[in-house]
Protein chains: 2
Amino acid sequence: MEVLDETLKQIHERGMSALRIADVASSMQVSPALIIYHFETRENLLVEALTHAAERDLLKLHRIVREPAPPARRLMKVLEWYAPSGAARGWQIWVDGWAAAMRDKALQKVLADLQDRWAAEIVGIIEEGVAGGVFTVDDSHDVVTRITSLLDGLAVRMVVHKDALKRDVLQEWLVRQVAWELGVDQEELRSPA
Amino acid sequence: MEVLDETLKQIHERGMSALRIADVASSMQVSPALIIYHFETRENLLVEALTHAAERDLLKLHRIVREPAPPARRLMKVLEWYAPSGAARGWQIWVDGWAAAMRDKALQKVLADLQDRWAAEIVGIIEEGVAGGVFTVDDSHDVVTRITSLLDGLAVRMVVHKDALKRDVLQEWLVRQVAWELGVDQEELRSPA
DNA sequence: CCTAGTCCTGAATGGCCGTACAGTAGATAG
DNA sequence: CTATCTACTGTACGGCCATTCAGGACTAGG
């Protein structure tokens with residue numbers, strides 16, 4: 001949906017709480033009333049926009065997970081893609097989303113679903129690796145929670161305190177952590193030149 | 001300051017972006033104009049409130065750091081206190097703060113200072129431990145960034161997706177991570193019964 | 001006393017914005 | 001051709017809220 005993309009763009013620029021229907025409408029060259037016509041309320045627009053963003057991310061994630069490549073390779077690809085880059089476009093939205101979700105059940109559900117499906121995909125990769133004898137884990141779900149939590153925390157540092165953390169350092173630390181969690185050598189995870 | 005405490009309470013209840021001067025004023029039984037009289041603008045009130053919260057946390061932190069106890073003990077005490085509990089009162093404010101700070105330089109500075117001073121205190125403990133031969137680290141500053149990032153990420157899960165993560169599991173994982181980072185045995189970190 | 005300063009108030013002001021509503025234009029179908 | 005439906009618009013309502021302003025009250029210093 002065009003409107004949802006524009007809404008996400010506006011959220012990225014102004015922040016979720018400052019999103020104005022009038023802005024979205026004028027960017028799309030339609031009347032504000034039309035937005036309400038389709039989405040009923042501003043709240044609802046926000047929820048659908050985040051859902052849309054989540055769905056898009058999950059699609060991309062799924063594509064990587066399906067690729068024909070060894071688990072280690074795919075896992076690192078996922079993490080590389082998920083990790084914030086300079087603009088960190090996607091991340092700003094999630095941080096905004098966390099803040100909003102603390103007081104909004106609908107958003108809470110959207111984020112919880114996103115989180116669950118994310119975790120499930122990664123758990124999948126890891127269990128493939130375990131089955132193939134390359135990874136050794138205690139509880140793959142816990143491992144995923146820990147790895148993604150670390151990533152979230154590091155991402156906050158990049159997004160909030162701009163460039164307090166370089167992207168390649170983040171990447172490096174991620175490799176280190178993953179190697180430890182999965183009982184493999186860091187070299188096996190590093191992407192080939 | 002009374003007003004700042006009340007402001008923090010309101011932020012906690014309604015969220016930063018929804019804070020209304022009128023609410024703070026009426027809770028304090030004064031006129032809204034008085035708030036503006038003292039703080040000039042709403043923005044400014046928010047910045048000062050967060051600064052106040054940061055200062056309060058840093059004071060508490062410093063008290064723990066100064067205690068006469070082995071470094072390992074003090075480090076765990078700090079992390080136990082910083083970790084979110086059920087209500088997670090403090091944490092909600094920081095998540096809100098992150099979101100707001102992404103678009104507000106003044107807040108960015110407040111949070112960056114808080115972060116730096118936090119890190120510095122913990123680095124202090126770790127270096128004591130290293131000097132005493134109990135800890136082994138590569139770069140103590142990096143270690144702190146990693147540990148606190150993990151904590152932030154786990155905290156998000158507790159605060160946003162309420163109770164998707166039990167407090168004692170979080171604690172457990174923290175011990176695990178710290179033990180690894182500092183090259184000590186987990187048992188040496190666990191708090192004595 | 002008087003002056004000046006500080007703290008505080010009530011009552012506007014001004015602007016913003018989500019939302020409701022009544023209605024238009026165009027397409028579709030019977 | 002008519003009736004209906006859908007997508008859409010302009011306009012206006014209604015409320016909310018930060019901020020301003022013109023003072024009032026109380027204090028302290030001279």
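Chain naming here is simple, since letters A, B, ... match the order of the sequence lines and numbering starts at 1 in each.
With side-chain heavy atoms closer than 4.5 Å counting as contact, directly or through intermediates, the hydrophobic cluster containing B:Trp180 also holds A:Trp180.
Within residues 15-28 of chain B, no residue places a heavy atom under 4.0 Å from DNA chain C.
Put simply, CG on B:Leu45 is 12 Å from C1' on D:dA18, counting in whole angstrom units. Atom CZ in B:Arg42 sits about 7 Å away from atom P in D:dA18, given to the nearest Å. What separates CZ of B:Phe39 from C1' of D:dT20 is a distance of 18 Å, to the nearest Å.
Counting non-hydrogen atoms of other residues, nucleotides and ligands closer than 6.0 Å to CZ of A:Arg66 gives a total of 12 or fewer. Atom CG of A:Asp138 has 12 or fewer heavy atoms from other residues, nucleotides or ligands within 6.0 Å.
Residue pairs that meet the ring pair (Phe, Tyr, Trp, His ring centres under 6.0 Å) test with at least one member in residues 33-69 of chain A, sequence neighbours left out, do not exist here. Listed by first and then second residue, the ring pair (Phe, Tyr, Trp, His ring centres under 6.0 Å) pairs involving residues 117-167 of chain A are A:Trp81-A:Trp118, A:Tyr82-A:Trp118 (not counting sequence neighbours). Sorted pairs that involve residues 24-41 of chain A and meet salt bridge (Lys or Arg N to Asp or Glu O under 4.0 Å), not counting sequence neighbours, are lacking altogether.
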Under 3.5 Å, which protein N or O atoms sit close to an N or O of nucleotides 22-26 of chain D? Give each pair with its distance.
none

Can you name the atoms? Protein N/O to nucleotides 6-9 of chain D N/O, anything below 3.5 Å, with the distance.
| from | atom 1 | to | atom 2 | distance (Å) |
| --- | --- | --- | --- | --- |
| D:dA7 | OP2 | A:Tyr37 | OH | 3.1 |
| D:dC8 | OP2 | A:His38 | NE2 | 3.1 |
| D:dT9 | OP2 | A:Ser31 | N | 2.9 |
| D:dT9 | OP2 | A:Ser31 | OG | 3.1 |

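Among the candidates B:Lys9, B:Glu2, B:Glu6, the single residue satisfying the side-chain hydrogen bond (donor to acceptor under 3.5 Å, both in side chains) test with B:Ser27 is B:Glu6.
With no hydrogens or angles considered, no side-chain donor-acceptor pair links B:Arg146 and B:Gln177 at under 3.5 Å. Judged by distance alone, the side chains of A:Ser149 and B:Arg157 do bring a donor and an acceptor atom under 3.5 Å apart.
Looking at residues two or more places apart in sequence or on another chain, you find a side-chain contact (heavy atoms from CB on, under 4.5 Å) between B:Val95 and A:Trp98, A:Ala99, A:Met102, B:Trp98. Contacts of B:Ser140 classified as side chain to side chain donor-acceptor pair (under 3.5 Å), with partners at least two apart in sequence or in another chain: B:Glu127. Partners of B:Asp104 under the salt bridge (Lys or Arg N to Asp or Glu O under 4.0 Å) rule, at least two apart in sequence or in another chain, do not exist in this structure. Listed by chain and residue number, nothing satisfies the salt bridge (Lys or Arg N to Asp or Glu O under 4.0 Å) test with B:Glu13 (two or more places apart in sequence, or in another chain).
The footprint of chain B on DNA chain C, defined by a heavy-atom cutoff below 4.0 Å, extends from C:dT6 to C:dG10.
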